[in-house]
J.: 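Questions regarding the structure given below will be posed in turn.
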Amino acid sequence: ESGNNGMNNSAHTLDKDIQSPSMPIANQANKHRVNQVNLQRAWDVSQRATREEWDEWMRRFAVQLLREAPAPALRACAELAYAYQPLARELFSAAFASCWTELNEQYRSSLVNAMKTAFFLQTL
């Protein structure tokens, strides 16, 4: 039972550390800046016609979102997602949301137009 108390104390200490007010400030200092130009290159939908080209576009876009994500945990998954496509698909929404909040209005507009093209003009 004393082993469990030690584990509970460690968990309590971890919870306390996670909730400390200094954590958000430290996280802001280490925050990765999204390279909007790199993302825009990845979401470029020109020269896409076949199903295979659209699949490749989606794969590259998903991996680039992970590479540019402000969240370190997402960035850490980028290379594995490059090698293992199901991971890229699984993390797409989180990476997209993470990057979206960092895009300025011009890039958001460009991304919306690219996504409309990808969703509505694909020849599948």
Side-chain angles (χ1 to χ4, degrees):
E1 188 173 337
S2 66
N4 284 342
N5 286 340
M7 194 159 69
N8 287 341
N9 287 340
S10 295
H12 177 70
T13 302
L14 180 59
D15 288 344
K16 184 179 175 185
D17 288 344
I18 291 171
Q19 296 171 1
S20 75
S22 65
M23 290 297 283
I25 295 166
N27 286 342
Q28 288 296 325
N30 294 329
K31 190 174 180 182
H32 175 77
R33 303 272 311 168
V34 172
N35 185 322
Q36 297 179 78
V37 174
N38 283 346
L39 274 181
Q40 188 175 38
R41 280 190 212 118
W43 76 57
D44 177 32
V45 293
S46 62
Q47 310 282 323
R48 307 289 186 262
T50 67
R51 168 71 186 240
E52 292 77 22
E53 288 171 337
W54 282 109
D55 287 347
E56 178 63 13
W57 172 83
M58 186 63 186
R59 185 188 70 76
R60 287 176 181 247
F61 182 44
V63 170
Q64 193 63 39
L65 283 169
L66 288 167
R67 286 181 177 143
E68 295 298 334
L74 290 171
R75 283 197 319 277
C77 296
E79 292 310 309
L80 183 56
Y82 178 80
Y84 184 67
Q85 185 55 33
L87 180 60
R89 283 193 301 270
E90 183 70 26
L91 296 176
F92 179 84
S93 295
F96 185 93
S98 180
C99 290
W100 176 263
T101 61
E102 302 297 314
L103 296 177
N104 70 32
E105 195 59 40
Q106 173 190 353
Y107 283 98
R108 283 184 181 187
S109 178
S110 174
L111 177 53
V112 167
N113 289 333
M115 296 302 282
K116 285 179 182 177
T117 300
F119 292 143
F120 298 118
L121 297 181
Q122 291 185 47
T123 52
L124 301 177

J.: What is the minimum heavy-atom distance between Leu74 and Ala69, and which atoms define it?
T.: CB-CB, 3.8 Å
J.: Just jot down the side chain to side chain contact (heavy atoms under 4.5 Å, CB included) partners of Ser109, sequence neighbours excluded, or say none.
T.: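 Applying side chain to side chain contact (heavy atoms under 4.5 Å, CB included) to Ser109 gives Asn113.
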J.: If you take all heavy atoms of Leu66 and Ala88, which pair is closest and at what distance?
T.: CD1-CA, 4.3 Å
J.: Shortest non-hydrogen contact from Cys77 to Leu91?
T.: CB-CD1, 3.7 Å
J.: Can you list every pair that meets side-chain hydrogen bond (donor to acceptor under 3.5 Å, both in side chains) and has a residue in residues 86-99, with sequence neighbours left out?
T.: none
J.: Among the clusters formed by ILVMFWY side chains lying less than 4.5 Å apart, do Leu65 and Leu80 turn up in the same one?
T.: no
J.: Can you see which heavy atom on Glu102 is nearest to which on Pro70, and at what distance?
T.: CG-CG, 3.4 Å
J.: What pairs with Arg108 under side chain to side chain donor-acceptor pair (under 3.5 Å), at least two apart in sequence or on another chain?
T.: none
J.: Tell me, which pairs form a salt bridge (charged side-chain N to carboxylate O under 4.0 Å, His left out) where one or both residues lie in residues 62-74, sequence neighbours left out?
T.: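 Matches after skipping sequence neighbours: Arg67-Glu79.
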J.: Under 4.5 Å between side-chain heavy atoms, counting indirect links through other Ile/Leu/Val/Met/Phe/Trp/Tyr residues: same cluster for Leu87 and Met58 or not?
T.: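 No, Leu87 and Met58 fall in different hydrophobic clusters.
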J.: To which residues is Val63 joined in a hydrophobic cluster, defined by side-chain heavy-atom contacts under 4.5 Å among Ile, Leu, Val, Met, Phe, Trp and Tyr, whether direct or through other members?
T.: Tyr82
J.: Where do Ser110 and Trp43 come nearest, in terms of heavy atoms and distance?
T.: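 It is OG-NE1, 3.1 Å.
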J.: Applying ring pair (Phe, Tyr, Trp, His ring centres under 6.0 Å), name anything that partners Tyr107, two or more places apart in sequence or on another chain.
T.: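 Not a single residue meets the ring pair (Phe, Tyr, Trp, His ring centres under 6.0 Å) criterion with Tyr107.
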J.: Check the hydrophobic clustering (I, L, V, M, F, W, Y; side-chain heavy atoms under 4.5 Å; chains of links allowed) and say if Leu103 and Met115 are grouped together.
T.: yes
J.: For Gln85, check side chain to side chain donor-acceptor pair (under 3.5 Å) against everything at least two apart and list the hits.
T.: none
